[in-house]
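Have a look at the structure below, then the notes.
We name chains A, B, ... by the order of the sequence lines, and we start the count at 1 in each one.
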Amino acid sequence: MKPVRTRYAPSPTGDPHIGNIRAALFSWAFARANGGQFLLRIEDTDQARLVETSVPAIMESLTWLGIDWDEGPGVGGPHGPYYQSQRLPLYQKTALSLIDQGKAYRCFCTAERLDQMRKAQAEAHRAPGYDGLCRDIPRAESDRRANSERFVVRFKMKQEGQTILHDLVRGDIVFENALQDDFVALKSDGFPTYHLGVVVDDTEMEISHTIRGDEWISSAPKHIQLYEALGWEAPVWVHLPLILGPDKKKLSKRSGDVSTLDYRQNGYLAEAMVNFLAFLGWSLDDHTSIVTLEDLKQHFDFARVVPNPAIFDAERLNFLNGHYIRAMSDERWVETVSEWCEQRLPVSVPRPLDFGLIFAIAPLLRERIARLDEIAPMVAFLFSEEPMDYPSEALSEKLGGDTALAVRVLDAALAELDPLDEAEWAKDRIEAAIRAIEAPLAMKLRKFVTVLYVAAEGHAHGIPLFESMALLGRERSLERLRRARAKAQHSL
RNA sequence: GGCGCGUUCGUCUAGAGGCCCAGGACGCCGCCCUUUCAAGGCGGAGAUCGGGGGUUCGAAUCCCCCACGCGCUACCA
């Protein structure tokens, strides 16, 4: 059996989207699980859609997730170059040999004629496809015209019989050859189309399993016949189910798809992303739902990949992200909190940040957030001298809008806290002081404490109050309570 | 229109003839814990396995038809 070699072959037309990256993950996992190799190849054959920043983004996305490649951009390898734009002679040579064998031909049809042809086909309700006008141009005439006219090279698809695709995920799929048309293999700019490109490169790079998305199933007959015509051994075919947006359409910008790197930007962890993507089409067994890159590396198998498309569910990603946040080592968590504070806290906060503070808030944050981008908003109040800006209604929101009560709560808290001096200003003393106002107020702490949360932190969904006030210090804490009191009083 | 793929709780999935009047996870609901919010623990609701025919003693699992969804139908990938 051939050694396992798989590849991720994106076209650099933008940042890699998650559907794409999932194919990379599965290809990588399969290679690793079988002691094989994984390579990266850039299919930059569409000059018009080329986006400069794509390749770095692709590499960055893979690296972020922990997917490494044995050959390809950045690492080189014996089958380079790994950019299709740098392998043009290879495709041209292949196309020419196909012409020589009568298995392909030059097509001189103009875009206008092709348009007209399709329009006529549509009107006549006939299947669209190239009508074969140039199929039988004699070789001598073809050679002569090639000197002065633009042309593409079309591959002669068989017109009878069937082409069978043996797919690892869904079994055999039969296509009627009569329904296939002669596709363009080499474009007039000398670049290959995807069809010629994959076949030539997967062969030359000794790829054992061609793994790609579902949308390629319908063009698989082209590839299969190309392999046959060239006398090359075809790889094992694997077509992965599509990832759909909540609207059940193929994931796109519109349906909420964002580039893989955007997820990092939005506070997702690579582990969560990997775990999430892994279960879009694959499962480990009948009960496991938490899975790491290492598990994938050990157990990934196409036998457990389902053929049906999956809908992207952001709720699940959030859950997984929270899970991995809680699973991090303390050191890494402190480091992460530090980074996200450094990056996301307002510029008005002086840098470098107080590391003691970061260290103190990290454990408080951990159980409370699902995404890293929630960190800065939650703790910003600790870093600024000024109280947070919040609507005065926020103070009494949980009190049913009873602003007068909010004022009384604030007064009571102030009365108990003010006597504490600088040295006594610690979590336990603050807690005792605030609990002491339960009696005079004749209310449970939990009923009125949100007023103090808003006063101190600017919102009612923050990290624990007593610790926060201790970290804030006596002066800033009292000042904020007074400000809140004035604010409430004013809106009475 | 043609061709192709797909169809199990809202979602991701387990299930390859009896273990399934369908299991796990997210989400949802309730209770517990609790200084807010979470997290955590416990429990619950939620799928006549798209519909209809077969085959079989027995079908989510095999066959056929239908419906619906999606993909492809470019000198884009």
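- Both distances falling under 3.5 Å, in either a Watson-Crick or a G-U wobble arrangement, occur for no nucleotide opposite rC49(B).
- Residue Arg366(A) is classed as having no contact, given no heavy-atom separation below 4.0 Å to the nucleic acid.
- If you check every strand for non-hydrogen atoms under 4.0 Å, Arg150(A) touches nothing.
- For Glu271(A) and Arg332(A), the salt-bridge test passes: some basic side-chain N is under 4.0 Å from an acidic carboxylate O.
- Among the heavy atoms of the strands lying under 4.0 Å from His461(A) is at least one base atom, whether or not backbone atoms are also near.
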Restricting to nitrogen or oxygen on both sides, can you table the protein-nucleotides 7-12 of chain B pairs closer than 3.5 Å?
{"residue": "rC12(B)", "atom": "OP1", "partner": "Ile311(A)", "partner atom": "N", "Å": "2.9"}
{"residue": "rC12(B)", "atom": "O2'", "partner": "Phe279(A)", "partner atom": "O", "Å": "2.6"}
{"residue": "rC12(B)", "atom": "O2", "partner": "Arg316(A)", "partner atom": "NH2", "Å": "3.4"}

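- Heavy-atom neighbours of Glu52(A) CD from other residues, nucleotides or ligands within 6.0 Å: at or below the threshold of 12.
- Across all strands, Val454(A) comes closer than 4.0 Å to no nucleic acid atom at all (heavy-atom distances).
- In this structure, Arg135(A) fails the cation-pi test against Tyr105(A), since its NZ or CZ atom is not both closer than 6.0 Å to the six-membered ring centre and inside 45 degrees of the ring normal.
- Nucleic acid contact class of Val152(A) (heavy atoms, under 4.0 Å, all strands): base.
- Pair assignment for rC57(B): rG18(B), on the basis of Watson-Crick or G-U wobble contacts that are both within less than 3.5 Å.
- More than 12 heavy atoms of other residues, nucleotides or ligands shown are found within 6.0 angstrom of CD on Glu438(A).
- In summary, the aromatic rings of Tyr453(A) and His459(A) are positioned with their centroids too far apart to meet the 6.0 Å limit.
- Across all strands shown, rC5(B) pairs with rG69(B); the Watson-Crick or G-U wobble distances both stay below 3.5 Å.
- Base-pair partner of rC28(B): rG44(B) (Watson-Crick or G-U wobble, both distances under 3.5 Å).
- Within 4.0 Å (heavy atoms only), Arg304(A) reaches sugar-phosphate atoms of the nucleic acid but no base atom.
- The main-chain N or O of Thr45(A) is found under 3.5 Å from a side-chain atom of Lys187(A) such that the two form a donor-acceptor pair.
- Comparing atom distances between the Phe319(A) side chain and each of rA77(B), rC75(B), rG27(B) picks out rG27(B) as nearest.
- In summary, Arg474(A) and Glu424(A) do not engage in a salt bridge, as defined by a charged side-chain N under 4.0 Å from a carboxylate O.
- The partner of rU35(B), taking Watson-Crick or G-U wobble pairs whose two distances both stay under 3.5 Å, does not exist in any strand shown.
- A cation-pi geometry, defined here as NZ or CZ lying under 6.0 Å from the six-membered ring centre and within 45° of its normal, does not hold between Lys222(A) and Tyr194(A).
- Counting non-hydrogen atoms of other residues, nucleotides and ligands closer than 6.0 Å to CG of Asn147(A) gives a total above 12.
- Contacts of residues 43-57 of chain A with RNA chain B (heavy atom under 4.0 Å): Glu43(A), Thr45(A), Asp46(A), Arg49(A).
- Listed candidates were rU36(B), rA14(B), rC75(B). Nearest to the side chain of Val306(A) is rA14(B).
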